[in-house]
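Report on the following structure.
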Amino acid sequence: MEARREALVADPNATSVEAEAIFGAIETLIVDSSSDAHAKLAVSLGIVGARLPHGQRDATIQKLISLAPRQARAALLLSLVLSGEGINIKLVADGIAETFEAAKTETWILTESDAYQLRDWLRLLPFATPVTGLPAIVRRMPDAQREPRMLEEMVGGLSASCSDDAEGVTFTLAEEDPRLYQNHQWRATAMRFNTVSAARRLVDLTVSGALDGKLYDGWHWQRELGGLISEFSEVRAYIHDLLKDGPTTKQLASLASAIAEDPGVDGLLMLIGFTTETGQSYVGRQAIESVVSERVPSEDWQGAYDIVPVVATELRRKLLAMTGRGGEDSLAARCLNLIDQLRDEYGAPESEPRLPDLASGRRWPILKPNPDAGDGN
């Protein structure tokens, strides 16, 4: 759909042989003296033709919209959206209102077949202009149809909307109905915006506890949020500021665990401090590996990657200095040992010295011999 929008902007007059033939037939069917059967056939052809590159046929399309019955109109508008064109949100709002009106006498419309007729209209809303009108339309719907499950396809569409306001609308919907915070589709949509503003909002929601609940998957959410945080240095700095007094709440502890997915040098040192102070582990192999190596896409295998070591001299120097507080069993010492293990597995950068800090005069290696290792004989 994005490609269609770009192509339409680049050349609004682009058309196709198939579309020319279809719209040529439509023109003969929608003259003023046309029968209902001809109008119905014209709308059906329009649903097909509108999905193709069809040039600028605004007058014909508006005529088809006026002739189309409710559900055929939804299909026609969807074809326009899929072709890259915009649609007016009033058309969608009117279709939703008509659906609820029809359901007064045909109650099955909302109670059977997963309310597909309503869903056909709701999924158009993210692509209608202006999208800022979407929350008000949802707000006017009956409670039963505002269930998060009913809105999932609509919410998912917001991440594909071409409007700069789609992100704000996504968060407004959840502010007005906090049940959405527990909906996996809403969370996935909020993540897909992949912006600093969305990341900060999700961090704030995590800290406030708004995302807690019986459907809350803490470990999975930490991984997803950690991946988003790693994209933006300003968000990482914001989180460090939130954690300046430590993980003093369950939500801040969750945020610290999210940082551990890709902490950076400063973040890793911060997490080591938290682990030492609280006794709760925030530092594992993943956190350390992300700091002392990087994953480079493989040239030979699609979807695979090579793990390449990166220089970590300053980190190792700081960790060595920290071992004086706890000796060879300290967390800092264990981190140094794990870094050495990773160097054995993936190699070490040529410019990284074997001893972290020669001038310190500290013993190296600092750990006890591995009791499971052989004596070499």
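Worth knowing before you read on, the calculation uses all heavy atoms, side chains too, and leaves out hydrogens, waters and symmetry mates.
At distances below 3.5 Å, at least one donor-acceptor pair connects side-chain atoms of Arg146 with backbone N or O atoms of Met141. Between the side chain of Arg4 and the backbone N or O of Arg51, at least one donor-acceptor pair lies under 3.5 Å. Formation of a donor-acceptor pair under 3.5 Å by the Arg343 side chain with backbone atoms of Val292 is found in this model. The main-chain N or O of Ala103 is never found under 3.5 Å from a side-chain atom of Thr107 such that the two would form a donor-acceptor pair. Formation of a donor-acceptor pair under 3.5 Å by the Gln286 side chain with backbone atoms of Glu261 is found in this model. A donor-acceptor pair under 3.5 Å is formed between the side chain of Asn183 and the backbone N or O of Gln185. In this structure a side-chain-to-backbone donor-acceptor pair under 3.5 Å is missing from Ser254 to Lys250. No donor-acceptor pair under 3.5 Å is formed between the side chain of Glu176 and the backbone N or O of Arg139. Side-chain atoms of Ser79 come within 3.5 Å of backbone N or O of Ile47 as a donor-acceptor pair. With hydrogens and angles ignored, the 3.5 Å screen pairs a side-chain donor or acceptor of Thr323 with a backbone N or O of Leu320.
At a threshold of 4.5 Å between non-hydrogen side-chain atoms, the residues Thr132 and Thr172 do not count as touching. Looking at heavy atoms from C-beta onward, Leu125 lies out of side-chain contact with Val131 at the 4.5 angstrom threshold. Side chains of Asp262 and Ile229 form no contact here, defined as non-hydrogen atoms less than 4.5 Å apart. Between Val92 and Ile87 the shortest side-chain heavy-atom distance falls below 4.5 Å.
Using a 4.0 Å cut-off between charged nitrogen and carboxylate oxygen, Glu85 and Arg5 do not count as a salt-bridge pair. Residues Glu153 and Arg119 are not paired through a salt bridge, judged by the lack of any N-O separation under 4.0 Å between the basic side chain and the carboxylate. Taking the charged nitrogens against the carboxylate oxygens, Arg187 and Glu224 have no contact shorter than 4.0 Å, which rules out a salt bridge. Between Arg236 and Glu231 no salt bridge is recorded (no basic side-chain N to carboxylate O distance below 4.0 Å). A salt bridge is absent between Arg70 and Asp120; no separation between the charged side-chain nitrogens and carboxylate oxygens falls under 4.0 Å. Salt bridge annotation for Lys104-Glu101: present, with a cationic side-chain nitrogen under 4.0 angstrom from a carboxylate oxygen.
Note that CG of Asp94 and CZ of Arg73 are 7.5 Å apart. Values are rounded to the nearest 0.5 Å. One finds the OG1 atom of Thr275 at 5.5 Å from the CG atom of Leu331 (value rounded to the nearest 0.5 Å). Arg334 CZ to Leu338 CG: the interatomic distance, rounded to the nearest 0.5 Å, is 11.0 Å. Between the CG atom of Leu151 and the CZ atom of Arg123 there is a distance of 14.5 Å, given to the nearest 0.5 Å. Here the OG1 atom belonging to Thr28 is positioned 8.5 Å from the CG atom belonging to Leu41, to the nearest 0.5 angstrom. Leu91 contributes atom CG, which lies 10.5 Å from atom OG1 of Thr129 (distance to the nearest 0.5 angstrom).
Cluster annotation: Leu82 and Val43 are assigned to the same hydrophobic cluster (Ile/Leu/Val/Met/Phe/Trp/Tyr, side-chain heavy-atom contacts under 4.5 Å, transitive). In the hydrophobic clustering of ILVMFWY residues, with side-chain heavy atoms under 4.5 Å counting as a link, Met150 and Leu173 come out together. The cluster map of Ile, Leu, Val, Met, Phe, Trp and Tyr, joined by side-chain heavy atoms under 4.5 Å apart, puts Leu252 and Leu228 in the same cluster. Following chains of ILVMFWY side-chain contacts shorter than 4.5 Å, one can reach Val207 starting from Phe232, so the two form part of one hydrophobic cluster. Under the 4.5 Å side-chain contact rule for hydrophobic residues, Ile26 and Val31 do not share a cluster.
Here the closest non-hydrogen pair linking Pro353 and Thr313 is CD-OG1, 3.6 Å. Here the closest non-hydrogen pair linking Ala210 and Tyr181 is O-CB, 3.6 Å. Residue Pro130 comes nearest to Ile89 through the heavy atom pair O-CD1, 3.3 Å, listed as atom of the first residue, atom of the second, then distance. Closest approach of Pro126 and Leu158 over heavy atoms only: CB-N, 3.7 Å. Of all heavy-atom pairs between Leu202 and Ala190, the closest is CD2-CB, 4.0 Å. Between Leu76 and Ala50, the closest heavy-atom pair is CD1-CB, 4.2 Å.
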### Task
In sequence, state the C-alpha distance, the side-chain angles, and the governing distance for Trp221 and Arg223, and then conclude on side-chain contact (heavy atoms from CB on, under 4.5 Å).
CA-CA 5 Å; Trp221 179 244; Arg223 295 202 64 182; over 6 Å; no
### Task
Apply side-chain contact (heavy atoms from CB on, under 4.5 Å) to the pair Ile61 and Gln56, showing each step before the final yes or no.
CA-CA 9 Å; Ile61 289 172; Gln56 299 190 54; over 6 Å; no
### Task
Could you please spell out the steps behind the side-chain contact (heavy atoms from CB on, under 4.5 Å) verdict for Val310 and Val291?
CA-CA 8 Å; Val310 299; Val291 176; over 6 Å; no
### Task
List the steps, then state whether side-chain contact (heavy atoms from CB on, under 4.5 Å) holds for Glu289 with Ile307.
CA-CA 9 Å; Glu289 184 176 312; Ile307 298 179; 3.6 Å; yes
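Residues passing the side-chain hydrogen bond (donor to acceptor under 3.5 Å, both in side chains) test with Asp11, sequence neighbours excluded: none. Taking Glu20 as the reference, Arg57 meet the salt bridge (charged side-chain N to carboxylate O under 4.0 Å, His left out) condition, with sequence neighbours excluded. By the side-chain hydrogen bond (donor to acceptor under 3.5 Å, both in side chains) test, Asn194 is found to be paired with no residue, residues two or more places apart in sequence or in another chain being considered. In this structure, the side-chain hydrogen bond (donor to acceptor under 3.5 Å, both in side chains) partners of Glu167, at least two apart in sequence or on a different chain, are Thr195, Ser197.
At most 12 non-hydrogen atoms from other residues, nucleotides or ligands lie less than 6.0 angstrom from CG of Asp36. Counting heavy-atom neighbours within 6.0 Å of His38 NE2, excluding the residue itself, gives a total of 12 or less. Atom CD of Glu350 has 12 or fewer heavy atoms from other residues, nucleotides or ligands within 6.0 Å.
With 3.5 Å as the limit, one finds a donor-acceptor pair spanning the side chains of Thr60 and Glu27. A donor atom on one side chain and an acceptor atom on the other are not found under 3.5 Å apart for Arg285 and Gln341.
The side chain to side chain contact (heavy atoms under 4.5 Å, CB included) test with Ile239 is passed by exactly one of Leu225, Thr206, Leu255: Leu255.
Both tests pass for Arg200 against the ring of Tyr238: distance under 6.0 Å to the centre and angle within 45° of the axis.
Ring planes of Phe274 and Tyr282: perpendicular class, angle over 60° (limits at 30 and 60°).
Taking the six-membered ring where the residue is Trp, the centroids of Trp186 and Phe171 are separated by under 6.0 Å.
The hydrophobic cluster containing Val308, built from Ile/Leu/Val/Met/Phe/Trp/Tyr side-chain heavy atoms closer than 4.5 Å, also comprises Val296.
Sorted by first and then second residue, the side-chain hydrogen bond (donor to acceptor under 3.5 Å, both in side chains) pairs involving residues 154-166 (not counting sequence neighbours) are Ser159-Arg192.
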